[in-house]
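Since we're looking at a predicted model, the values are computed, not measured. Each chain gets a letter, A, B and so on, in the order its sequence line appears, and its residues count up from 1.
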Amino acid sequence: MIQSFSTWLHSTRLSWAVAGGIPWIWPLCETLHFIGLALLMGIVSVLDLRMLGMAKELPLGPLQRLMPWAILGFTINLITGALFFTGDPTQYIHNVAFGFKLLFIGLAGVNVILFYVTGLYRRVDSVGAGHDVPAAAKVAAAASLILWIGVMYWGRMLPFIGNAF
Amino acid sequence: MTSFLTAVENTAFATWVRESSSLLAYPAILFLHTVGLGFLVGLNAAIALRLLGFAERIPLAPMVKFYRVMWIGFWINALSGTALLAADATTKITNPVFYIKMGFVTLAVVNMVLIRRRVFGNPSLDLSPVTGGAKVLAVLSLVFWTGAITAGRLMAYFGPVSGAPGLKNRIP
C-alpha cells in the first residue's frame, strides 16, 4: 500500500517539480526546513530549560505565549518535510532513519498532548518568577529536549544510516 | 595556497572525518553542527522576538542567562565547522558562498554581543519600554542568522562539489 502510494506520489507533477524539475524548490525547502528547526528549537529550549531550573526568574505564564512561534516552526517543517517526501518518496519509505525520525516526532507530539490534557499546562502556566514547576513538568521538559534533539539526529542520519540525500 | 589546503585535507584527522565509515566521523560532526545551530540561532530568535514585542509580559533581564547556552552552541559550531572545513578544505575555501556564510555569522555574533551589552547591560531594562535601538538590533539578529542559515544550506548547491563522499546533496 505504501509502495503503491509512493509510486503514485512520485508520478505527480508536484513530485517532478520538487525533485529538480524546478531546480530552486529543493534548496529553498531545505533552507526553510533549517529556519523552522531553529525557530522550533529556540522556543522549545527556552521553555524546557526554564522548567528544568534555568533562568528561574522567568514566570512561566508569559513564557508560554511564545508557543505560537514554535508551532510556526513546526508547521514550516511539516510542509517542507512533506515536500521532500513528495519529491522522492522511495528514498524515505525504506529508510530506517526516516522511520525513527517519524517515531521521535510522534513521541514529542504525544509529550505535548499529555502536557495539555493532563492539566499540567495550566499548573505550569501559574508558576511565577523564582518558583519550581511540578516534578511531572520537569520530566516532560527533559523528555521534550531529548526527543527534539533525537528528531534532529535521525534527520541528519537520513543519508548516512539510510539512503536519502 | 592550494598545496596548503591539500595538506590540510590530507591530515589524518581530516581524512578520518571525510572518509571513515564510522557514524562518529562526518555524520556525528554534522549532527553536532545542527544541534549547535538549533540552540544558538533558536535562542537568539526567541530573544529577538521578545524584544520586538511578542510575549511582552516576559521580563527581559533574566533572559540574559540563555547567553551561556548560546555561547555553548556557538563553540560547538565553531569546532564542528572547523572539522567539516578541514575535511573539505579545497572545495569549501574556494566556494564564494562560504565567505557569504562567514560574513553573516560574523555580523550575527557581533550583533549578539551588542544586544548583550547595549540591551541587557541596561540596569533599568524592564522598567521602560524596549527602545527603538534594541528593536533594530533584534531585526538585524533575525536577518543575519537567516542569512547565515541560507548561505550555509546553499553551499551544497553552488561552487565545487563538497561534503562526504557518496552524500548526494545536489539535485540530480
Original post:
When only pairs under 4.5 Å are counted, which of B:Leu49, B:Leu154, B:Val35 shares the most heavy-atom pairs with chain A?
Top reply: B:Leu49
Original post:
Using non-hydrogen atoms only, which part of A:Arg65 is less than 4.5 Å away from chain B: side chain, backbone, both, or neither?
Top reply: both
Subject >> A:Phe100 atom CZ: more than 12 heavy-atom contacts under 6.0 Å >> reply: no
Subject >> Pairwise distance CD(A:Gln64) to CZ(B:Arg57) - rounded to 0.5 angstrom >> reply: 11.0 Å
Original post:
Just wondering, are more than 12 heavy atoms of other shown residues or ligands nearer than 6.0 Å to CZ in B:Phe4?
Top reply: no
**OP:** Walk me through it: do A:Phe34 and B:Val41 pass the test side-chain contact (heavy atoms from CB on, under 4.5 Å)?
**Re:** CA-CA 10 Å; A:Phe34 277 75; B:Val41 181; over 6 Å; no
Original post:
Of the listed residues (A:Lys56, A:Arg156, A:Glu57), which shares the most heavy-atom pairs with chain B below a 4.5 Å separation?
Top reply: A:Arg156
Original post:
Say you draw a straight line from CG of B:Leu43 to CG of A:Leu49; how long is it, rounded to the nearest 0.5 Å?
Top reply: 7.0 Å
Original post:
Quick one: does A:Met157's side chain get under 4.5 Å of B:Pro27's, heavy atoms only?
Top reply: yes
Subject >> For the student: nearest non-hydrogen atoms of A:Ala38 and B:Leu37, plus distance >> reply: CB-CD2, 4.0 Å
**OP:** Select, from A:Ile43, A:Ile149, A:Leu39, the one with the greatest count of heavy-atom pairs under 4.5 Å involving chain B.
**Re:** A:Ile149
Original post:
Would you say A:Leu102 and A:Ile93 are hydrophobically clustered, going by side-chain heavy atoms of ILVMFWY under 4.5 Å?
Top reply: yes
Subject >> Distance in Å, A:Met152 CE paired with B:Thr34 OG1, rounded so as to fall on 0.5 Å steps >> reply: 7.5 Å
Subject >> Same apolar cluster (I L V M F W Y, side chains within < 4.5 Å links), A:Val110/A:Val112 >> reply: no
Subject >> Close side-chain approach of A:Leu37 to B:Ile149, heavy-atom, < 4.5 Å >> reply: no
Subject >> Neighbour count >12 (heavy atoms, 6.0 Å) for atom CH2, B:Trp75 >> reply: no
Subject >> Cluster link B:Ile72 to B:Ile47, ILVMFWY, side chain under 4.5 Å >> reply: no
Original post:
What heavy-atom pair brings A:Ala55 and B:Pro62 nearest, and what distance separates the two atoms?
Top reply: CB-O, 3.6 Å
Subject >> Rounded distance (nearest 0.5 Å) linking atom CG of A:Leu32 with atom CZ of B:Arg153 >> reply: 12.0 Å
**OP:** Verify the cluster assignment for A:Val117 and A:Leu147: are they in a single hydrophobic cluster under the rule of side-chain heavy atoms below 4.5 Å apart?
**Re:** no
Original post:
Which pair of non-hydrogen atoms, one from A:Val46 and one from B:Ala46, has the smallest distance, and what is that distance?
Top reply: CG2-CB, 3.7 Å
**OP:** Check A:Phe160 against B:Leu23 and note the closest heavy-atom contact, atom names and distance.
**Re:** CB-CD2, 4.1 Å
Original post:
Should B:Phe13 and B:Val8 be regarded as members of a common hydrophobic cluster, given that ILVMFWY residues are connected when their side-chain heavy atoms come within less than 4.5 Å of each other, either directly or indirectly?
Top reply: yes
Original post:
How many angstroms lie between atom CG of A:Leu28 and atom OH of B:Tyr157, to the nearest 0.5 angstrom?
Top reply: 10.5 Å
**OP:** Provide the closest heavy-atom pair for A:Met41 versus B:Gly38 in the form atom of the first, atom of the second, distance.
**Re:** CB-O, 3.8 Å
**OP:** Identify which of A:Met54, A:Met67, A:Arg50 forms the greatest number of heavy-atom pairs closer than 4.5 Å to chain B.
**Re:** A:Met54
Original post:
Under the side-chain contact (heavy atoms from CB on, under 4.5 Å) criterion, do B:Lys65 and A:Leu58 qualify, and how do the steps go?
Top reply: CA-CA 10 Å; B:Lys65 301 213 169 150; A:Leu58 292 170; over 6 Å; no
**OP:** Please state whether the side chain, the backbone, both or neither of B:Val69 comes within less than 4.5 Å of a heavy atom of chain A.
**Re:** side chain
Subject >> Euclidean distance, B:Phe39 CZ relative to A:Leu145 CG, rounded to 0.5 Å >> reply: 5.5 Å
